[in-house]
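Notes to accompany the following structure.
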Protein chains: 2
Amino acid sequence: MRLSNLADYAVVTMCQAARHCGGGKVSAAELASESGLPAPTVQKVVSKLTSAGLLRSSRGAGGGLQLARPAAAISLADIVEAVEGPIALTACVEGEDCAVHEKCSVKPHWPIVNSALRGALAEIPLTRLAQIPQVKEVA
Amino acid sequence: MRLSNLADYAVVTMCQAARHCGGGKVSAAELASESGLPAPTVQKVVSKLTSAGLLRSSRGAGGGLQLARPAAAISLADIVEAVEGPIALTACVEGEDCAVHEKCSVKPHWPIVNSALRGALAEIPLTRLAQIPQVKEVA
DNA sequence: TGAAATCGGAACGAATCAGTCTGATTTAGG
DNA sequence: CCTAAATCAGACTGATTCGTTCCGATTTCA
């Protein structure tokens with residue numbers, strides 16, 4: 001029930017990338033220095049994000065990263081799935097058979113729980129995470 | 001974003017225990033044989049569930065387990081938290097400091113996501129998971 | 001009193017994850 | 001056209017956590 005660190009870093013990195021969205025390309029090293037994360041780790045995160053189609057990479061000198069889609073069209077669920085694979089609380093949701101595959105009374109209920117969680121994450125766009133909220137409100 | 005196997009087993013075990021709720025005490029070995037899970041694993045799960053106060057254990061010969069509360073008052077979130085600890089997607093929600101503790105723009109948003117997920121799990125009572133649905137409906 | 005059955009904690013092994021590094025590819029400039 | 005720099009992409013190592021199993025302490029019934 002805990003997100004992996006990679007996924008956490010991916011969210012932070014995507015937020016940083018979203019800020020540079022209008023500016024064009026940004027290098028992974030720049031994102032690392034801005035976010036304070038170790039550079040090699042950011043590189044790894046960026047690789048996964050690019051493979052998933054969330055980021056577009058331009059190689060060669062003067063290259064860099066840029067969001068493949070507008071920030072509003074990228075949800076938290078997309079980022080998590082890009083790094084951690086499909087959101088599935090249990091293996092049986094994925095089709096893998098568990099030890100109690102036969103007459104498992106809980107099995108039919110997992111998809112409902114699963115979609116509920118995924119829906120909660122899908123409703124949070126990257127724009128909402130990237131915006132620095134005025135935390136002036138009284139807690 | 002995946003539930004640990006222990007938590008999965010805990011849910012199955014609790015469902016089995018809920019069926020025996022009216023019958024009184026049930027041994028961990030019986031729950032294991034009924035669910036098809038390895039007996040030692042069930043024992044470990046039962047220990048955690050008892051420590052969390054979800055199950056009540058009676059030691060000695062003829063002892064066994066029984067639900068500490070009515071099944072309707074036990075939610076999926078309770079079971080997950082009993083096995084995996086507090087539901088916290090990231091370490092910073094728990095108070096632990098992450099590498100980017102300073103000016104982490106994402107940090108203020110995590111509690112919202114976290115509570116959303118926890119709420120989704122808290123709304124599913126054990127009774128709903130224990131009942132065997134008439135899966136006659138066309139998928 | 002004896003014995004059985006239970007929970008509780010500790011130890012071992014495996015798997016996944018985090019982090020680091022080196023190599024291949026691509027572009028810009030001379 | 002070639003050189004050189006900068007980039008991403010994949011593979012490797014070490015560590016932490018999870019899963020599983022086993023054994024001991026405690027408690028109750030007969």
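Atom set for the values below is all heavy atoms of this structure, side chains included, hydrogens, waters and symmetry mates excluded. Convention: sequence-line order gives letters A, B, ...; per-chain numbering from 1.
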Mind calculating the distance between NZ (Lys48(A)) and C1' (dA18(C)) to the nearest angstrom? 10 Å
Provide, to the nearest angstrom, the distance between the CD atom belonging to Glu30(A) and the C1' atom belonging to dT7(D). 14 Å
Going by the side-chain contact (heavy atoms from CB on, under 4.5 Å) test, name the single residue among Leu67(A), Leu129(A), Val45(A), Leu76(A) that passes it with Met14(A). Leu67(A)
Side-chain N or O of Thr50(A) less than 4.0 angstrom from OP1 or OP2 on dA9(D)? yes
Distances under 3.5 Å between protein N/O atoms and the N/O atoms of nucleotides 15-24 of chain D, please, pair by pair.
| residue | atom | partner | partner atom | Å |
| --- | --- | --- | --- | --- |
| dG19(D) | OP1 | Asn5(B) | N | 2.5 |

Base, sugar-phosphate alone, or nothing: which one does Ser51(B) contact when heavy atoms must sit under 4.0 Å apart? nothing
Measure from CZ on Arg56(A) to P on dC8(D) and round the result to the nearest Å. 15 Å
Report yes if at least one side-chain N or O of Ser47(A) is closer than 4.0 Å to OP1 or OP2 of dG10(D); otherwise report no. no
Just how far, in rounded Å, is C1' of dT27(C) from NZ of Lys25(A)? 11 Å
Between Glu34(B) and His20(B), is a side-chain contact (heavy atoms from CB on, under 4.5 Å) present by the stated rule, with each step listed? CA-CA 11 Å; Glu34(B) 285 178 6; His20(B) 293 272; 2.9 Å; yes
Salt-bridge criterion met for Glu81(B) and Arg118(B) (N-O under 4.0 Å): yes
If you define the side chain from C-beta out and look only at heavy atoms, does anything of Leu121(A) sit under 4.5 Å from Asp78(A)? no
Sub-3.5 Å donor-acceptor pair from the side chain of Glu84(A) to the main-chain atoms of Ser4(A), do we have one? yes
Side-chain touch Thr90(A)/Lys107(A), heavy atoms, less than 4.5 angstrom: no
What is the nucleic acid contact for Ala28(B), judged by heavy atoms within less than 4.0 Å: base, sugar-phosphate only, or nothing? sugar-phosphate
dA9(D) phosphate, OP1 or OP2, under 4.0 Å from Ser57(A) side-chain N/O: yes
Measure from CZ on Arg2(A) to P on dC17(C) and round the result to the nearest Å. 15 Å
